[in-house]
Amino acid sequence: MLTAEDKKMIQQIWDKVQGHQEDFGAEALQRMFTAYPQTKTYFPHFDLSAGSDQIRGHGKKVVNALGTAVKSLDNLSQALSELSNLHAYNLRVDPPYFALQLLSQSFQVVLASHLGKDYTPEVHAAFDKFLSAVAAVLAEKYR
Amino acid sequence: MVHWTAEEKQLISSIWSKVNVEECGAEALARLLIVYPWTQRFFASFGNLSSPTAICGNPKVRAHGKKVLTSFGEAIKNLDNIKATYTKLSELHCEKLHVDPENFRLLGDIVIIVLASHFTRDFTPACQFAWQKLVSVVAHALARKYH
């Protein structure tokens, strides 16, 4: 459960992401594809070379969706309903907790590597909870 | 036996040579207890774990974190035989400590985040790949003697 304190920290961190959406998104995907090659199986139709337009475009999409989630921390289920449908019926990234955990880890590594000490243990905990909550909503309709 | 490319070995050791084991170990264990509070169940005898500040300052947490990361160092010295390096520790974690091996995966991911926050840009995607592989192999070796 996200506490009021968590929500505050998530918002603070997200303010630092502003202006870097595309970069952070692209880097998170790049890291995920490099560290966990099995995730590439979901993108056979993409040019996955470093800096590819498709990765930049998709990274931006992912981060914008997270931004939507940040604005709707009190109602993630509703805010992410469309994406939840997409992941359940269309994309079927499998299994949701596992594969999305890899993206969560990759995104947190991006934050940690850019924010350094500012990615404190407290912020880390709040953000990890946030990404788990997002993954849970995306997985809601799988079965 | 795990196969390591020359590049992976180089990426691992170049980061490791710059790691302050005491600091990073303490931080990694503290983060485990903060980010995944249920892991505190294994450390009831450690005293005050009531807040992130208390956890980060707790001398037992710091000392134990150093111990844990030091053992990673052993794995790095013996990349070609991590299984043997961890045989005794695996038995210990199963028979005496009763730790669910899932926790090894959690700690491994936290070590990665700590490294990323310390090394920032130098912790490249290639570095992350090599290190995620290492923590995964270590976690696997630690779980290997469970019965």
Side-chain angles (χ1 to χ4, degrees), chain A residues 1-3 5-6 9-10 13 16 20 23-24 26-40 48-52 55 59 97-98 100-133, chain B residues 5 7-8 11-12 15 20 23-24 26-40 49 51-58 61-62 65 102 105-136 139:
Chain A
M1 285 289 301
L2 293 173
T3 64
E5 199 47 44
D6 289 332
M9 282 190 278
I10 291 163
I13 280 298
K16 301 206 169 117
H20 299 281
D23 288 336
F24 281 21
E27 190 183 332
L29 288 177
Q30 199 71 64
R31 282 183 179 277
M32 187 183 73
F33 294 139
T34 308
Y36 311 108
Q38 67 269 33
T39 55
K40 293 192 287 190
L48 295 179
S49 54
S52 94
I55 292 190
Y97 291 110
F98 179 69
L100 293 176
Q101 157 66 19
L102 303 183
L103 179 57
S104 165
Q105 172 73 355
S106 301
F107 195 74
Q108 291 195 62
V109 169
V110 171
L111 290 179
S113 70
H114 283 263
L115 300 174
K117 298 291 153 103
D118 285 349
Y119 202 63
T120 63
E122 291 90 330
V123 165
H124 175 174
F127 213 77
D128 192 277
K129 279 167 81 171
F130 165 63
L131 291 177
S132 296
Chain B
T5 65
E7 196 202 351
E8 287 162 5
L11 288 167
I12 289 169
I15 289 281
N20 178 327
E23 280 309 310
C24 283
E27 193 183 334
L29 187 62
R31 280 180 189 255
L32 181 73
L33 300 173
I34 293 165
V35 178
Y36 307 114
W38 56 90
T39 57
Q40 292 171 26
L49 298 178
S51 70
T53 312
I55 291 171
C56 289
N58 184 312
V61 170
R62 297 188 63 83
E102 174 62 15
R105 193 187 62 74
L106 293 180
L107 181 61
D109 277 355
I110 293 215
V111 167
I112 301 281
I113 289 180
V114 169
L115 293 178
S117 83
H118 281 247
F119 290 95
T120 60
R121 307 299 160 102
D122 289 343
F123 197 68
T124 61
C127 274
Q128 186 184 350
F129 173 75
W131 275 85
Q132 297 279 180
K133 184 172 167 178
L134 174 65
V135 303
S136 160

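All values below come from the heavy atoms of this structure, side chains included, with hydrogens, waters and symmetry mates left out. Naming: A, B, ... by sequence-line order, numbering from 1 per chain.
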- Identify the heavy atoms of A:Arg31 and B:Phe123 that sit nearest to each other, and give their distance. NH2-O, 2.5 Å
- Task: Could you tell me whether the side chain of B:Phe129 reaches within less than 4.5 Å of the side chain of A:Pro37, counting heavy atoms only?
- Result: yes
- Message: Can you confirm whether A:Lys129 sits close enough to B:Val35 that some side-chain heavy atom of one is under 4.5 Å from a side-chain heavy atom of the other?
- Response: no
- In terms of heavy-atom pairs under 4.5 Å with chain B, which of A:Ala125, A:Ala50, A:Ser113 leads? A:Ser113
Return all side-chain donor-acceptor pairs below 3.5 angstrom for residues 117-124 of chain A, not counting sequence neighbours, or 'none' if the list is empty.
unit_1	atom_1	unit_2	atom_2	d
A:Tyr119	OH	A:Gln108	OE1	2.7
A:Thr120	OG1	A:Val123	N	3.2
A:His124	ND1	B:Arg31	NH1	2.9

- Applying a strict 4.5 Å limit to non-hydrogen atoms, the region of B:Cys127 in contact with chain A is neither
- Task: Would you indicate whether the side-chain heavy atoms of A:Met32 and B:Pro125 approach each other to under 4.5 Å?
- Result: no
- Message: Looking at every non-hydrogen atom in both residues, tell me the closest pair between A:Ala112 and B:Ile113 and how far apart they are.
- Response: CB-O, 3.7 Å
- Task: Spell out, as yes or no, whether a donor-acceptor pair under 3.5 Å connects the side chain of A:Gln105 to the backbone of B:Asp109.
- Result: yes
- Note on the structure: Residues at least two apart in sequence or cross-chain that pass side-chain hydrogen bond (donor to acceptor under 3.5 Å, both in side chains) with A:Gln30, listed by chain then number, are none
